[in-house]
Amino acid sequence: AKTAQLRFDQARVFNGQLDGVLAYLKQFWNADKTQPIGPKLMDAVGRQASLIPQTLVRRDPAGVNVYMPLIVATFGYGSNKVFARALIDTGADRTLLPAWIAEQLGIHYEAIAPTMMAQGVGGAHEVKCVEMIISCRGWEHSCPVLIASPESDNTLPLLGRGDFLSWFNLGFGSDGSQPYFWIEPR
């Protein structure tokens, strides 16, 4: 029953992510492609960057809006691909993929060896590592990705700074009411 409830919760989170991905793609498709979203900003090498609004994910108990830098990424393993909203996590050393998304790619957690321990904000967790292709904003690269154990409560892919983010210039800002970020391949 616990496994069935976990799968139901994961499916609900995935459906919520899918709704967000569709809204993001609709916003992107309907946007004027010649203008950046939000105020103008120059990236680290002097190009005009496209600003991406951060996603409102909840209100905290004090009534303050909590935003996260979420972006659509494609994870590929063999001939399988999965599109997912992923959190740009500047505090994560490595990219981490939830086991339930890895399963959709045909990666079976128990079949991957060896097991490693990863230290995060929530403590030490068992992970395994596979090489996969990540695509995002016109960029595609093969890199090692950690797979969270099926018992983990991780529901979003985390794009870490030691592998994925090392290939991008990245910045954060706010126009006073809407936080945004920009990310461009180097």
Side-chain angles (χ1 to χ4, degrees), residues 1-31 36-39 41 49-75 82-105 109 118-127 134-137 145-165 168-184:
K2 182 179 179 184
T3 301
Q5 179 63 41
L6 180 63
R7 293 287 181 214
F8 176 76
D9 290 344
Q10 289 171 341
R12 190 168 24 140
V13 168
F14 178 74
N15 286 336
Q17 288 180 353
L18 185 59
D19 291 342
V21 168
L22 292 175
Y24 172 83
L25 291 174
K26 183 178 178 183
Q27 174 189 1
F28 177 77
W29 185 259
N30 292 330
I37 299 171
L41 179 76
S50 297
L51 303 182
I52 305 166
Q54 290 192 40
T55 304
L56 176 64
V57 292
R58 63 182 157 78
R59 290 176 68 88
D60 71 10
V64 176
N65 291 339
V66 177
Y67 294 88
M68 289 186 175
L70 299 174
I71 194 161
V72 176
T74 305
F75 297 89
V82 171
F83 299 90
R85 272 194 334 177
L87 175 65
I88 294 177
D89 190 347
T90 59
D93 291 332
R94 302 277 302 276
T95 294
L96 179 73
L97 194 65
W100 65 277
I101 292 179
E103 286 285 333
Q104 293 178 15
L105 290 167
Y109 186 83
Q119 182 69 36
V121 173
H125 298 280
E126 180 182 284
V127 296
I134 303 175
S135 304
C136 178
R137 300 189 59 80
V145 174
L146 300 179
I147 307 296
S149 71
E151 293 79 32
S152 171
D153 61 356
N154 186 38
T155 58
L156 279 175
L158 305 178
L159 300 174
R161 69 177 186 272
D163 42 38
F164 179 80
L165 293 176
F168 287 92
N169 292 315
L170 176 67
F172 296 89
S174 174
D175 65 5
S177 62
Q178 172 69 52
Y180 57 82
F181 68 100
W182 59 268
I183 181 168
E184 298 290 335

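In this chain, numbering begins with 1 at the start of the sequence shown. Heavy-atom basis, side chains included; hydrogens, waters and symmetry copies ignored.
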What I'd like to find out is whether the side chain of Y109 reaches to under 4.5 Å of the side chain of E151, using heavy atoms alone.
no

Report the distance from atom CD1 of I183 to atom CD1 of I88, rounding to the nearest 0.5 Å.
4.0 Å

Could you give the distance from CH2 (W100) to CG (L105), rounded to the nearest 0.5 Å?
11.0 Å

Tell me, please, which residues at least two apart from Q178 pass side-chain hydrogen bond (donor to acceptor under 3.5 Å, both in side chains).
none

Heavy-atom closest pair, residues V127 and A148:
CG1-CA, 4.3 Å

Is it the case that the side chain of T95 and the backbone of G160 share a donor-acceptor pair, with hydrogens and angles ignored and the cut-off at 3.5 Å?
yes

Taking C-beta and beyond as the side chain, do L170 and R161 meet within less than 4.5 Å on heavy atoms?
no

How long is the span from the CG atom in L51 to the CZ atom in F172, to the nearest 0.5 Å?
12.0 Å

Would you mind reporting whether D89 and L96 have side-chain heavy atoms less than 4.5 Å apart?
no

Contact summary for C136 and F168, nearest pair of heavy atoms:
O-CZ, 4.0 Å

Partners of R58 by side-chain contact (heavy atoms from CB on, under 4.5 Å), sequence neighbours excluded?
D60, V66

Which atom names give the shortest non-hydrogen contact between L165 and L159, and what distance separates them?
CD1-O, 3.6 Å

Who are the ring pair (Phe, Tyr, Trp, His ring centres under 6.0 Å) partners of F75, not counting sequence neighbours?
none

So, taking the atom named CG in L56 and the one named OH in Y67, what distance separates them when rounded to the nearest 0.5 Å?
5.0 Å

About how many Å separate CG of D93 and CG of L146, when rounded to the nearest 0.5 Å?
9.5 Å

Smallest separation among heavy atoms of S177 and P179, with atom names:
O-CD, 3.8 Å

So D163 and I134, side chain to side chain contact (heavy atoms under 4.5 Å, CB included) or not? Walk me through it.
CA-CA 11 Å; D163 42 38; I134 303 175; over 6 Å; no

Single hit among Y180, F181, W182 for side chain to side chain contact (heavy atoms under 4.5 Å, CB included) with P69
F181

CE on M68 to CG on L156, rounded to 0.5 Å
7.0 Å

